[in-house]
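Lettering of chains follows the sequences in order, A, B, ..., and the numbering in each one begins at 1. Computed from a predicted structure; not experimentally measured.
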Amino acid sequence: MALKHKTPMLDELEKGPWPSFVSDIKRVAARKPMCEDLLGQLELSYEQKEGHWKHGGIVGVFGYGGGVIGRYSDRPDLFPNVAHFHTMRVNQPASKFYTTAMLRQLCDLWEKRGSGLLNLHGSTGDAVLLGTTTDQLEPIFYELTHDMGMDLGGSGSNLRTPSGCVGRARCEWSCLDTQDIIYDCTMKYQDELHRPAFPYKYKFKCSGCPNDCVAAIARSDCAIIGTWRDKIRIDQDAVRAYVGGELVTNGGAHGTDKRVLDIQAEVINLCPTKCMEFDGKNLKIWDEDCTRCMHCINVMPRALRPGTDVGATILCGAKAPILEGAQLASVVIPFIKMEPPYEEFHEFVEKLWDWWMENGKNRERSGELIQRLGLNSLLQACDLTPDPRMIKTPRYNPYIFYDPADVPGGWEHDPVAFRKRHQA
Amino acid sequence: MALKHKTPMLDELEKGPWPSFVSDIKRVAARKPMCEDLLGQLELSYEQKEGHWKHGGIVGVFGYGGGVIGRYSDRPDLFPNVAHFHTMRVNQPASKFYTTAMLRQLCDLWEKRGSGLLNLHGSTGDAVLLGTTTDQLEPIFYELTHDMGMDLGGSGSNLRTPSGCVGRARCEWSCLDTQDIIYDCTMKYQDELHRPAFPYKYKFKCSGCPNDCVAAIARSDCAIIGTWRDKIRIDQDAVRAYVGGELVTNGGAHGTDKRVLDIQAEVINLCPTKCMEFDGKNLKIWDEDCTRCMHCINVMPRALRPGTDVGATILCGAKAPILEGAQLASVVIPFIKMEPPYEEFHEFVEKLWDWWMENGKNRERSGELIQRLGLNSLLQACDLTPDPRMIKTPRYNPYIFYDPADVPGGWEHDPVAFRKRHQA
Amino acid sequence: MPFDPNNIMQDRITDIGPPKYDKSFPPFIKQNYGKWKYHEILEPGVLVHVSETGAEVFTVRVGTCRLVSVDLVRDVCDIADKYCSGYVRWTTRNNIEFMLADKAKLQPLIADLRSRGNWFPIGGTGASITNIVHTQGWVHCHTPAIDASGVVKAVMDELFEYFGSMKLPAQVRIALACCLNMCGAVHCSDIAILGVHRKPPFVEADRVEKVCEIPLVIAACPLAAIKPKKVGDHKAVEINEKRCMFCGNCYTMCPALPIADQDGDGIALWVGGKVSNSRTAPTFSKLAVPYIPNEPPRWPTTVNDIKKIVEAYASGGRRYERIGEWIERIGWERFFERTGLEFRHEHIDDYRLAMTTWRTTTQFKF
Amino acid sequence: MPFDPNNIMQDRITDIGPPKYDKSFPPFIKQNYGKWKYHEILEPGVLVHVSETGAEVFTVRVGTCRLVSVDLVRDVCDIADKYCSGYVRWTTRNNIEFMLADKAKLQPLIADLRSRGNWFPIGGTGASITNIVHTQGWVHCHTPAIDASGVVKAVMDELFEYFGSMKLPAQVRIALACCLNMCGAVHCSDIAILGVHRKPPFVEADRVEKVCEIPLVIAACPLAAIKPKKVGDHKAVEINEKRCMFCGNCYTMCPALPIADQDGDGIALWVGGKVSNSRTAPTFSKLAVPYIPNEPPRWPTTVNDIKKIVEAYASGGRRYERIGEWIERIGWERFFERTGLEFRHEHIDDYRLAMTTWRTTTQFKF
Ligand code: SRM
Ligand code: SRM
Ligand code: SRM
Ligand code: SRM
Ligand code: SF4
Ligand code: SF4
Ligand code: SF4
Ligand code: SF4
Ligand code: SF4
Ligand code: SF4
Ligand code: SF4
Ligand code: SF4
């Protein structure tokens, strides 16, 4: 199969046991010149150790401010078929379950109107269609919406495509209907998703439990993470079965053989709060000290389960380093029931957005605004009460902005009276 | 004993089991009007909840730029005897051992020429003579130097009075001759101590071991803290005696009765590196993992002792909050032998000072300069090599200042060649 | 009605969002939604989840490139149709999960996948190295310092034994981002591969005013290294190169400030981050190797340094201990000793929170 | 030759430094210098150190006010002459140590000290509350927000039982500083009492140019809240009150910006700092109570809040656990519950490193 460009360097990436994107692209390149030129341009990048895409370029579909990333080759002379190579972000179904029917339809559409290459999935969660020309954008959008009931995801200074873990669909630990929560905020905030009105991007991610399989705490402006307020459910028989070597520990994650669980070393000593005790027969958990880290549950999934008074912890402000440095999300609501119609949550989000839109500078992430104005400013804007659960530690620096309302007489001074008491 | 001013509020502080400074001042006030007025002014402060000293005032002895803090009453109309009330900082003998002869001489001098009140000792370590008038400063200095062989300590933008723990004079754990080190740098840097040449104050403190009984790590620009590089010395018989309940644990700090030491719970589990094991007979320490925290030694002083290859860790930059926030000192030299004539140490200090004097702004503590220019800048200036022992964690932010010297061709660009490779 | 290019508003549908999730749930998922009781990994890459109803669902997880063709997706559909009632899902780390309720089909499915060369490696569960989360690289983005897919391929080839086994002390999550924008969880990964620039951008003075909004460019620099400057007739900007730390944010705002450079660009490696709240709190990745040159096509130094880290961890870590927890226990001084990586000035932070990273205790190991 | 006021340079001696330390070492200290083998606390405040030579030194530690008169020092000398061969020392926390080698004199010394009313309380060793490190307050300094000696007296009276016993989980080190300059280890104490202002300084516009160097004043403000401003004919400054966090640094530089105020000033309490490297690394004190009004002469609210903290710790802490280590174990949410102190907006940091203090994990207790 002779392709247009020689790709000796890329060919090296066809070797080895891991799947080869080069082999994959090559088979499409045989029938799609766009992919042929993509390989050629990539080979050039490998030779020159520099990328060959021009800077951005605003393209999109009518009425939407996001969902398409414009891309143009900086060597259209050599690679005319990737002169345009835009991506379209297609909003994935929550937690990425597909029917093959949907997928085949998408493939057909993309074979016809694009490069035939996709990212499954983009880091934010979208099904990313990789590489098409400007004239194809509207037809693709039309077919997506009309024929497939699908829509574009976010890009630009708007809500980005929300995303969540598999949750209750296939995980025993989920304290939340992650799919429903993600679907709800995707649908409720369609306008925010498609039409930039924010200072910068905004991301929701939802994990069903503190294991956080969608990395919400690291990657979302608003992380919704499942938790419980009552007690870990214990099946003492199963505990004894683990200790007796009758079960596979950690659900097999460290080897699928049954083995005796050294409950002291592997569970109790690793519990961050040391709130467990095993007397040889029964496991006791002082739930009031438990911080719901999941470790014991992870190790003994057949013996322990999260409680039943479930809800979410909301953490805000995670982001990548640009501009002010990377941030993990901070606890803003220690516990909130997350049940349809999610009114309390919507109210919170909308207050937060109002505050951000009012105070945020251009390209200032909500997390940076929290940094700049302080967590208290956010709490106030959202009618939340300060709580020690929001902090790792109270302040250690003494530079306190006291409220003049708490000072008798406020900040007024009587300089004359002062100088009567004190000679200068 | 009828004093000039009524002091009903201060009188309340004569009650109770703790010694009363009011009672103490009162007995001197009976013969010293300065103390009478001091009490009167203090009572006024208690009534008004505001201090009654004017702002500063530069006074001193000839040829010195420090050692005296000028102080004037802001109500000389009411309290003429404290119209002047300067303090003199007298450099204490290292670790504050005195002969009664010295003390009596000091008392006589101060009875004659000052208020008769002292601070034993100031927070930096000086024997502080509290309250005298400007005309007395020179005579006091004369008598201190001539009759008592004593000198003033530091104040202002100069070296401050160095200070250290009791060390080898009465502590079994000292890895350093703390007194000698303190004496050495006090004497070697007399000029820096008396004549301000620095951007701001500079403090040395020296503790013989990581217990840090002089709080060097929190309060000194340069903390010299004793440590060892070899193994903890173990007396296995004494270990067994502790475990057997034949000895008093922790040198009696938690009760003076003999009791069985639960070595697992009280020592091994609290060892931060978990580098110890007790098999019922012998204690094994994996010294290569020990971070010399002192805990096990503190608990079993008769069984464990620091090693014998002793020296110091040098940590720099501790300070109070003003201006940029409080800092603890950071490791700059993980290990240095501290033996007379301390040349290596002097060289380090002088390089550091040069760097600080060259780069420091007015009133910028050395610790703030380290913050501003970075630890690497200090290391370079002092010819020290970066070492993981200097950090808690490597950087997590990706904003790295790469050195152009490491980049082939440095920072030069060839824009024409670039645009040959890439169309704009 | 088909799309009419001359009347794009005709019948226009917008704001419909994604298909509702449960439309693509297989029946056995719908029936057991929220009823799962426990799970077990039967062999690397193969899971069973057991429901309170007694139902079981078997999952086979396979690695893929994240960059896939329609051909590959169609292969996936064929497999899913044959064994999985026409359903399939992708994980949050770009693996594919084939799920089925009928145990009888499990071994045939596995055999089928194995028969397809290197397209569908089974694994990525438990204490393994699962798929590398990554970004666009030279395949699509305009700001990368490195390629993404190629580096990932080279690294996964080398670490392949750990994908299909569960013999590491704990999960090792690797992520790659091709520039400091870090489109992914690179800042919180066990091992992170990051594309870095080392040369300040250069200013194309004659283009700046045409293609950029100068105030936005100036505001974009976290270190205020950019100032307006008139060059000849042109309004342009000037970069104080000594202040620049190569973040590339100015280039994001202005194409006339190219920063990519074949000699300047390369890879930095980071270690010890995590996301889960299990045992220890989520934490950032820390610098392990400040710079490795771009070495296409197979980036041998990068691969080798990662291998060193993984092997040191594999032999030194204790069960359940993520890389960061392992380093926390042994200390950074030991990490550098055991991996043989060099400790350099770049490791010592000198940005805004730098002082919180210095060692303010005498506790360390010689 | 005596001092001659008309010729101060005559015979002038300078730069002689302090007397060499060993001049005031008692003989038994000199002989056993560096030879100490172990120590033991015989009863609260009484220590023995045993040398490799077999020699023993007994130490009786007594609390004092740090502010003492020559009369008190002379009393100390009398005691030291009688029992301690004429030697005595002060500790790093302003306690007095009487040392003797002759055990026979130990009980007489203790009896003598006890006979002297409340002047020489014995204690301050081991798991006790030893002397409070403090500063000048209204007795001598020009920038205080509170008194020092009076607050210390009131607090020590209340906690007196813990000075003469060793029944706490560990050492409790209390420090007081009368303003944010923090002349002491207040920033790293188990409990810290800090004088705070809550009103921005006011500007005496007609004095500023006379008594201050305006550029230095402006540079002194960490938050750049001060700008030059002409008032009438005078060069003065203006303070942006909303930016001010009451540090007082501008007043340090300029007497025409008074900040002390009877209604504004008061006390903030901090907890959980430590200095030693024992077990855990040195750490800063954290805010426990943002503000308590000045309540001379005996500061009852302050005393009471400190008592609450000490009692909660006394009943909840484990042996060897410093206050900060105890809180770390139980969590801040529990600390506020158990002490009954209120958690307020002031506890949440909003200064430069604020984000490093927020909770970036789902781990907390309900
Ligand atoms: C496609 C995608 C990477 C991928 O290969 O998966 C991507 C690609 C780009 N990201 Fe991203 N980001 C993508 C997920 C992320 C994530 C991860 C996430 O969402 O979970 C992050 C980190 C989390 C966060 O939001 O902080 C991320 C942080 C950034 C940043 C830095 C933002 C910051 O505040 O630090 C930028 C820079 C910017 O916005 O100017 C950026 C900018 C970009 C741009 C638009 C480049 C630019 O400079 O304008 C990239 C376009 C590439 C292209 O040619 O397609 N991208 N970006 C991801 C979106 C796919 C999707 O919709 O599913
Ligand atoms: C007397 C003493 C307090 C005491 O009662 O013991 C003291 C008293 C003053 N200190 Fe201090 N400092 C004293 C030890 C300290 C310490 C503790 C230490 O040295 O171990 C510190 C904290 C450690 C440090 O250096 O950071 C300390 C940190 C400050 C600061 C803040 C410096 C900073 O960088 O944050 C200032 C403000 C300034 O320098 O403008 C200051 C300023 C002052 C001034 C000069 C007030 C001023 O604003 O100019 C005080 C004069 C009081 C007076 O009327 O006598 N004092 N000062 C201590 C010196 C006695 C002695 O020589 O032994
Ligand atoms: C399928 C997936 C969710 C999804 O919606 O797609 C998933 C599924 C499961 N995770 Fe996860 N996790 C998934 C991404 C994650 C992530 C996110 C990431 O890596 O980007 C994390 C956070 C990683 C981190 O901390 O950096 C994650 C941290 C965990 C943990 C905590 C591990 C730890 O000790 O730190 C567990 C518990 C365990 O394994 O013991 C867990 C456990 C599980 C369980 C056992 C939950 C269950 O009962 O079903 C699932 C099978 C685990 C396995 O593969 O061995 N899952 N899990 C994701 C599979 C990714 C993949 O293809 O490899
Ligand atoms: C006399 C003195 C040194 C001096 O040069 O004056 C001293 C003397 C001793 N200290 Fe200290 N320490 C002295 C101030 C300190 C300080 C400084 C401070 O508080 O400002 C510290 C750091 C406190 C902190 O961490 O905030 C200090 C932290 C220790 C520790 C570590 C305690 C801990 O577990 O954190 C020990 C070990 C122990 O007690 O187990 C110790 C142990 C000792 C020993 C047992 C050392 C020995 O073998 O002789 C001495 C008797 C202890 C006792 O009082 O129970 N010493 N010790 C200081 C007495 C102060 C006082 O009058 O109360
Ligand atoms: S985050 Fe929790 S609920 Fe969601 S998939 Fe992971 S383990 Fe299950
Ligand atoms: S969930 Fe975590 S904190 Fe709670 S008991 Fe289990 S291991 Fe301990
Ligand atoms: S710091 Fe160490 S050597 Fe010095 S007195 Fe304290 S315990 Fe002894
Ligand atoms: S000194 Fe500290 S780290 Fe070393 S063995 Fe003893 S307890 Fe452990
Ligand atoms: S990490 Fe940088 S180069 Fe890579 S896709 Fe994101 S923005 Fe582009
Ligand atoms: S690369 Fe970053 S630091 Fe350098 S000039 Fe551009 S924006 Fe500033
Ligand atoms: S803490 Fe403040 S008020 Fe108190 S002595 Fe020090 S400078 Fe003066
Ligand atoms: S008190 Fe501090 S913050 Fe306020 S104006 Fe003065 S220097 Fe600035």
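- Contact of C:T59 with chain A is made through the side chain alone, with heavy-atom distances under 4.5 Å.
- Residue contact with chain A, scored on non-hydrogen atoms closer than 4.5 Å, involves the backbone and the side chain of C:I13 alike.
- Only the backbone of C:Q10 comes within contact range of chain A, judged by heavy atoms closer than 4.5 Å.
- Using a 4.5 Å cut-off between heavy atoms, C:H39 contacts chain A through both its backbone and its side chain.
- The backbone N or O of A:W53 sits nowhere less than 3.5 Å from a side-chain atom of C:H142 that would complete a donor-acceptor pair.
- Note that OG of A:S174 and CH2 of C:W36 are 13.0 Å apart. Values are rounded to the nearest 0.5 Å.
- With respect to the salt-bridge test (charged N to carboxylate O, under 4.0 angstrom), the residues C:E97 and A:K96 do not qualify.
- In this structure, chain C has a heavy atom under 4.5 Å from the side chain of A:L42, while its backbone stays farther away.
- Using a 4.5 Å cut-off between heavy atoms, A:V22 makes no contact with chain C at all.
- Contact annotation for C:D147: only side-chain heavy atoms (C-beta onward) come within less than 4.5 Å of a heavy atom of chain A.
- A salt bridge does not link A:K32 with C:D71: every distance from a Lys NZ or Arg NE/NH1/NH2 to an Asp or Glu carboxylate oxygen is 4.0 Å or more.
- With a 4.5 Å cut-off on non-hydrogen atoms, C:C247 touches chain A through its backbone and its side chain both.
- Heavy atoms of C:P5 lying under 4.5 Å from chain A are absent altogether.
- Checked for salt-bridge contact, A:E111 and C:R74 meet the test: a charged N lies under 4.0 Å from a carboxylate O.
- Separating the OG atom in A:S123 from the CG atom in C:N181 is a distance of 11.5 Å, to the nearest 0.5 Å.
- Rounding to the nearest 0.5 Å gives a distance of 6.0 Å between CD1 of C:I8 and CZ of A:F62.
- Only the backbone of C:A219 has a heavy atom closer than 4.5 Å to any heavy atom of chain A.
- Note that CG of A:D191 is 6.5 Å distant from CG of C:D15, once rounded to the nearest 0.5 Å.
- For the pair C:E40 and A:R302, the salt-bridge criterion is met [side-chain N within less than 4.0 Å of a carboxylate O].
- Neither the backbone nor the side chain of A:D74 comes within less than 4.5 Å of any heavy atom in chain C.
- Ion pair C:R279/A:E266 not flagged as a salt bridge, since none of the NZ, NE, NH1 or NH2 atoms sits closer than 4.0 Å to an Asp/Glu carboxylate oxygen.
- The side-chain hydrogen bond (donor to acceptor under 3.5 Å, both in side chains) check on A:S95 picks up A:Q179, with sequence neighbours excluded.
- Interface remark: C:I146 contributes no atoms to any contact with chain A (heavy atom separation under 4.5 Å).
- Annotation: cation-pi geometry not satisfied between A:R168 and C:Y33 (NZ/CZ under 6.0 angstrom from ring centroid, within 45° of ring axis).
- For the pair C:N277 (side chain) and A:C293 (backbone), a donor-acceptor distance under 3.5 Å is absent.
- Between the side chain of A:D151 and the backbone N or O of C:I16, at least one donor-acceptor pair lies under 3.5 Å.
- C:S24 places a side-chain N or O within 3.5 Å of a backbone atom of A:F97 that can act as its donor or acceptor partner.
- Salt bridge absent: A:E14 and C:K153 never bring a charged side-chain N and a carboxylate O closer than 4.0 Å.
- The distance from atom NE2 of A:H254 to atom CZ of C:R319, rounded to the nearest 0.5 Å, is 6.5 Å.
- Using a 4.5 Å cut-off between heavy atoms, C:S85 does not touch chain A at all.
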Self-check item: Stepwise side-chain contact (heavy atoms from CB on, under 4.5 Å) test for A:T256 and C:L42
Solution: CA-CA 6 Å; A:T256 54; C:L42 301 174; 5.8 Å; no
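- The shortest non-hydrogen separation linking A:Y46 to C:P296 is O-CG, 3.1 Å.
- Within a 6.0 Å radius of NZ in C:K23, no more than 12 heavy atoms belonging to other residues, nucleotides or ligands are found.
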